[in-house]
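Predicted model only: the values in this text are computed from it and were never measured. Count residues from 1 along the sequence.
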Amino acid sequence: MTCDEAEILIHALADGELDAGHAREVEAHVANCPRCASEFAAINEMKRALAGTDLIYKAPAALRQRIEAELPPAQPSNVTPLAGAPSRRSLLKGFAIGSAVSALAATGLVAIVLRNDDQQRIEAEIVSAHLRSLQAGHLTDVVSTDQHTVKPWFNGKLDVAPPVIDLTAQGFTLVGGRLDYVDARAIGAVVYRRRQHVINLFVAQTSSTERRAAKLDTLQGFNIRSWRDRGLSYWAVSDINVEELNEFGERFERAMGGSS
């Protein structure tokens, strides 16, 4: 395991979110790498500091008294109050309920923003993984143009081996495959070439079996075509133009449909 790979997983290790296999790998790396050991120690120190800090602010009892003092005075006794006219207590209760509803609405909004941010974060990690793969010696763990060699290589390394399609006749040459790490978990990457351009097809298992149509994005100068089908999420990343990347995705999906 390299420092780049460990850096992705160290926070998950500190939070106890890794499975036993990955936890052992990261722990072994940290034990022999001063840089990552220092990072891991800093994360744990921050967790201890936060755990020992009372971050909840409790409003003083005098605050209620000041709010009540600012409310309008009670109706004079010679004026018949309207039916259901609110008392100070009911006004305070209504204020509290309104605040709670506003908080819930805000929470819902935050949840939507977090979901959008999460998708953007995953795509950023995908692009980072693509960039790492372009470094010398990082592109493939198994080198072969034969899909019957590449696909079996993933067996036993992932819960679900990614599909490997030979698209050489369509102009996308199969190069091989490797394991990569995205969102603190191991996923498969199937590698293709289009002329001198590398296409990384990242494949991860998902809990949803609902098909999601392809979406095209651009991040840091790289084009990304993402889609979901049959319980798997796909991200094809490359610096080829968006038309060619979309052609790659369409041919892959078409071949997958024919192999079902």
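- The closest side-chain heavy-atom distance from Y192 to I165 is below 4.5 Å.
- At least one side-chain heavy atom of Q220 sits under 4.5 Å from a side-chain heavy atom of L131.
- Residues I224 and T218 form no side-chain contact, since every pair of their non-hydrogen atoms from C-beta on lies 4.5 Å or further apart.
- The pair E253-R211 meets the salt-bridge criterion, with a side-chain N (NZ, NE, NH1 or NH2) lying under 4.0 Å from an Asp/Glu carboxylate O.
- Checked for salt-bridge contact, E27 and R24 miss the test: no charged N lies under 4.0 Å from a carboxylate O.
- Between F248 and F172, the ring planes lie perpendicular to each other; the angle is over 60°, past the 30° to 60° tilted range.
- Summarising the geometry, atom CD1 belonging to I126 is positioned 12.0 Å from atom CG belonging to D217; distances are rounded to the nearest 0.5 Å.
- Here the closest non-hydrogen pair linking V150 and S144 is CG2-O, 3.6 Å.
- The minimum heavy-atom distance between I240 and L245, with the atom names listed, is CD1-N, 3.6 Å.
- Inter-residue side-chain proximity for T145 and V175 is flagged as unmet; no heavy-atom pair is nearer than 4.5 Å.
- Side-chain contact, D166 with T168: a donor N or O sits under 3.5 Å from an acceptor N or O.
- For E247 and R254, the salt-bridge test fails: no basic side-chain N is under 4.0 Å from an acidic carboxylate O.
- E125 CD to R121 CZ: the interatomic distance, rounded to the nearest 0.5 Å, is 5.0 Å.
- Annotation: side chain of K157 is not in contact with side chain of R178 (no heavy-atom distance under 4.5 Å).
- With R194 contributing its side chain and G171 its backbone, the two residues share a donor-acceptor pair below 3.5 Å.
- Note on L134 and V191: same hydrophobic cluster, where clusters join Ile, Leu, Val, Met, Phe, Trp and Tyr whose side-chain heavy atoms are under 4.5 Å apart, directly or indirectly.
- Pairs engaging residues 136-162 under the ring-ring contact (aromatic ring centres under 6.0 Å, His included) rule: none recorded [sequence neighbours left out].
- Counting all heavy atoms, side chain and backbone alike, W227 lies closest to A214 at CB-CA, 3.8 Å.
- Heavy atoms of other residues, nucleotides or ligands lying less than 6.0 angstrom from CD of Q135 number more than 12.
- The two residues N44 and A14 make their nearest non-hydrogen contact at OD1-CB, 3.8 Å.
- The closest side-chain heavy-atom distance from Q205 to S233 is not below 4.5 Å.
- L174 is not listed as a side-chain neighbour of L167, based on a closest heavy-atom distance of 4.5 Å or more.
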With salt bridge (Lys or Arg N to Asp or Glu O under 4.0 Å) as the test, would you mind laying out the steps for E244 and R251 before giving the verdict? CA-CA 10 Å; E244 288 182 291; R251 291 185 180 277; over 6 Å; no

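- Taking OG1 of T206 as the start and CZ of R212 as the end, the distance is 8.5 Å to the nearest 0.5 Å.
- Nearest heavy-atom pair, N200 versus A189, reported as atom, atom and distance to 0.1 Å: OD1-CB, 4.3 Å.
- Side-chain contact check for E243 and N246: no donor-acceptor pair (N or O, by modelled atom type) lies under 3.5 Å.
- Rounded to the nearest 0.5 Å, atoms CZ (F222) and NE2 (H130) are 4.5 Å apart.
- Looking at L216 and S226, their side chains never come closer than 4.5 Å, going by heavy atoms from C-beta outward.
- In this structure, the side chain of S128 engages the main chain of A124 through a donor-acceptor pair within 3.5 Å.
- Expressed to the nearest 0.5 Å, how far CD of E39 lies from SG of C3 amounts to 10.5 Å.
- Each ring-ring contact (aromatic ring centres under 6.0 Å, His included) pair with one or both residues in residues 195-221, not counting sequence neighbours, would appear here, but there are none.
- Look at R132 and D180 and you find a salt bridge, because one of the NZ, NE, NH1 or NH2 atoms lies within 4.0 Å of a carboxylate O, short of that distance.
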R66 and E70: salt bridge (Lys or Arg N to Asp or Glu O under 4.0 Å), yes or no, with the steps? CA-CA 6 Å; R66 291 204 303 272; E70 294 295 328; over 6 Å; no

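- Listed here is the closest heavy atom pair of S238 and V198: OG-O, 2.8 Å.
- Atom CD1 of I187 is separated from atom CG of D159 by 13.0 Å, given to the nearest 0.5 angstrom.
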